[in-house]
2 protein chains.
Amino acid sequence: MELVCYRCPARSSDLCAGVPDNELKLLAAISTHLKLRPEETLILDGDASDHVYNVVSGTLMMTRLGADGRRQILAFLLTGNFIGFSSDQLYRFNVEALTDCELCRFERKKLEPLFEAYPEMERRFRQMAARVIEASLDLVFTLGRRNATERMAAFLLHLRDAQREAAEIPKDTQAVWQIPMTRTDIADYLGLTIETVSRVLSRLKSKGILRLPTLHSFEIVNETALVDAAGAD
Amino acid sequence: MELVCYRCPARSSDLCAGVPDNELKLLAAISTHLKLRPEETLILDGDASDHVYNVVSGTLMMTRLGADGRRQILAFLLTGNFIGFSSDQLYRFNVEALTDCELCRFERKKLEPLFEAYPEMERRFRQMAARVIEASLDLVFTLGRRNATERMAAFLLHLRDAQREAAEIPKDTQAVWQIPMTRTDIADYLGLTIETVSRVLSRLKSKGILRLPTLHSFEIVNETALVDAAGAD
DNA sequence: CGCGGGCTTGATTCATATCAACGATGGTGG
DNA sequence: CCACCATCGTTGATATGAATCAAGCCCGCG
């Protein structure tokens with residue numbers, strides 16, 4: 001049981017990093033493992049918020065649906081990310097798997113006592129919340145003040161950074177990065193249409209800034225130009 | 001000294017509500033009072049994040065500036081709101097007063113021990129963080145998926161709700177509400193231009209949905225129509 | 001081999017930005 | 001107290017970036 005946590009790819013996530021190795025069994029005792037296949041739903045808008053999750057592997061997305069079907073993707077969730085901040089008894093968003101996913105699931109009310117026992121864990125939890133706030137505000141800036149090209153460029157750089165970090169790849173490594181989501185998902189994240197996403201990618205490619213070996217991968221050929229295209233910030 | 005907290009308009013804010021009356025002196029002991037005049041700066045991008053704040057009265061705004069001067073307002077901060085979530089040693093945003101403001105200032109490192117002593121306070125702090133996350137995600141949806149009219153309508157309803165709550169005004173009261181910010185501020189919050197804001201307001205007014213007694217106040221004449229105009233969500 | 005879903009590309013439309021002029025309002029100094 | 005000016009807001013004309021409408025492509029799969 002302990003081994004599960006020891007070998008967990010999300011061991012160093014904020015949630016778990018606050019617990020010392022020798023106390024990991026406490027975490028393991030209150031957690032259950034969970035696997036999801038692509039398109040499976042983890043949380044539906046309106047679900048009771050009595051469980052929280054840690055992403056062990058895979059990619060998920062957090063979405064909100066407007067009454068008339070408009071969809072906004074609020075966040076993509078990758079290895080190490082925490083899911084479950086809620087000020088209410090109910091979740092007000094959906095979470096859905098994009099790829100095969102492994103998650104760690106905690107009952108909220110069992111997790112909370114640990115915060116009293118391990119102030120370090122609680123401290124990290126707060127930092128985690130702060131990071132989520134900052135990520136949301138970054139997206140606010142992007143949606144409020146960047147044009148289509150800038151949004152796309154910033155998104156790709158963000159995707160790369162997340163994968164770099166998760167895989168601990170050194171900064172100057174040239175690599176082909178994954179795009180785990182569809183064009184539609186990207187559009188619904190960046191507040192654009194699928195056609196605009198496609199056009200902007202084509203333009204970045206034709207300018208020699210990107211390579212797009214497959215629909216779901218990219219390589220940055222000219223990083224300077226891409227950073228430049230991401231613009232103000 | 002204790003009296004200051006007892007009579008504080010933000011006594012029931014999340015930060016302070018976790019502390020029982022008889023322990024208020026602990027909060028008072030580590031807090032200092034602060035007044036700001038309109039346009040004064042509380043936090044500058046890059047400032048050390050070693051103080052946090054509670055808004056006692058007045059309105060402030062949290063902004064981010066792009067390299068080329070583009071500005072996005074990330075949040076308006078009203079009575080009872082907390083300022084200071086940061087995952088880092090530095091703040092990555094500005095906070096500026098819109099009106100005369102009173103604030104309560106805490107040293108972060110003096111506040112944190114209270115969380116251990118008062119788990120209820122810590123619990124409320126987490127809830128507060130969750131609310132900030134939800135507010136940011138609401139704005140993400142607005143910027144990503146609503147048109148100019150919908151943004152404006154949603155914003156006005158939000159302004160009303162915040163004031164209603166702060167002043168504890170019953171739900172069906174007809175009233176003139178304040179608009180503490182300029183048209184430029186509204187534009188920079190909603191990801192629009194000042195001209196568009198102006199036009200949308202004029203249209204809502206000419207349709208008989210709003211009254212605009214002064215530049216900085218509004219009255220909702222036809223609430224149903226306004227809610228309708230706010231659209232999907 | 002044909003079919004379908006996801007994607008790209010092109011033509012056109014439309015919402016909002018931009019550019020430009022004018023109007024209101026509030027503060028200051030004569 | 002009034003007149004002036006600066007600032008902020010409104011309104012109109014035009015430009016433009018992205019949405020919408022419309023084919024057609026590509027690749028995996030039955």
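Just so we're on the same page: letters track the sequence lines, and every chain starts at 1.
- Between Leu204(B) atom CG and dT10(D) atom P there is a gap of 12 Å when expressed in whole angstrom units.
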* Please assess Tyr53(B) against Phe106(B) for the test ring-ring contact (aromatic ring centres under 6.0 Å, His included), listing each intermediate value before the final yes or no. => CA-CA 6 Å; Tyr53(B) 307 85; Phe106(B) 303 88; 8.7 Å; no

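- Asp188(A) has a carboxylate O that lies under 4.0 Å from a charged side-chain N of Arg145(B), or vice versa, which qualifies the two as a salt bridge.
- Sorted by residue number, the members of residues 141-153 of chain A with any non-hydrogen atom under 4.0 Å from DNA chain D read Asn147(A), Ala148(A).
- Spacing between atom CZ of Phe218(B) and atom P of dG9(D) amounts to 16 Å, rounded to whole angstrom units.
- A salt bridge links Asp138(B) and Arg64(A); the closest N-O separation between the charged side-chain nitrogens and carboxylate oxygens is under 4.0 Å.
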* Asked: Could you run down nucleotides 3-12 of chain C 5' to 3' and tag each one B, S or - for protein heavy-atom contact under 4.0 Å?
  -> ----SBBBB-

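- Between Glu150(A) and Arg70(B), at least one side-chain N (NZ, or NE/NH1/NH2) sits under 4.0 Å from a carboxylate O, which counts as a salt bridge.
- Here Arg160(B) pairs with Glu223(B) in a salt bridge; the nearest charged N to carboxylate O distance falls below 4.0 Å.
- The distance from atom CG of Leu192(A) to atom C1' of dT20(D) is 14 Å, rounded to the nearest whole Å.
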* Could you go step by step and tell me if Ser57(A) and Glu102(A) meet the side-chain hydrogen bond (donor to acceptor under 3.5 Å, both in side chains) rule? -> CA-CA 5 Å; Ser57(A) 71; Glu102(A) 291 178 277; 3.0 Å; yes

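- Note on Lys205(B) versus Glu219(B): no salt bridge recorded, every NZ/NE/NH1/NH2 to OD/OE distance being 4.0 Å or above.
- Between Asp100(B) and Arg37(B) there is a salt bridge, since a side-chain N of the basic residue sits under 4.0 Å from a carboxylate O of the acidic one.
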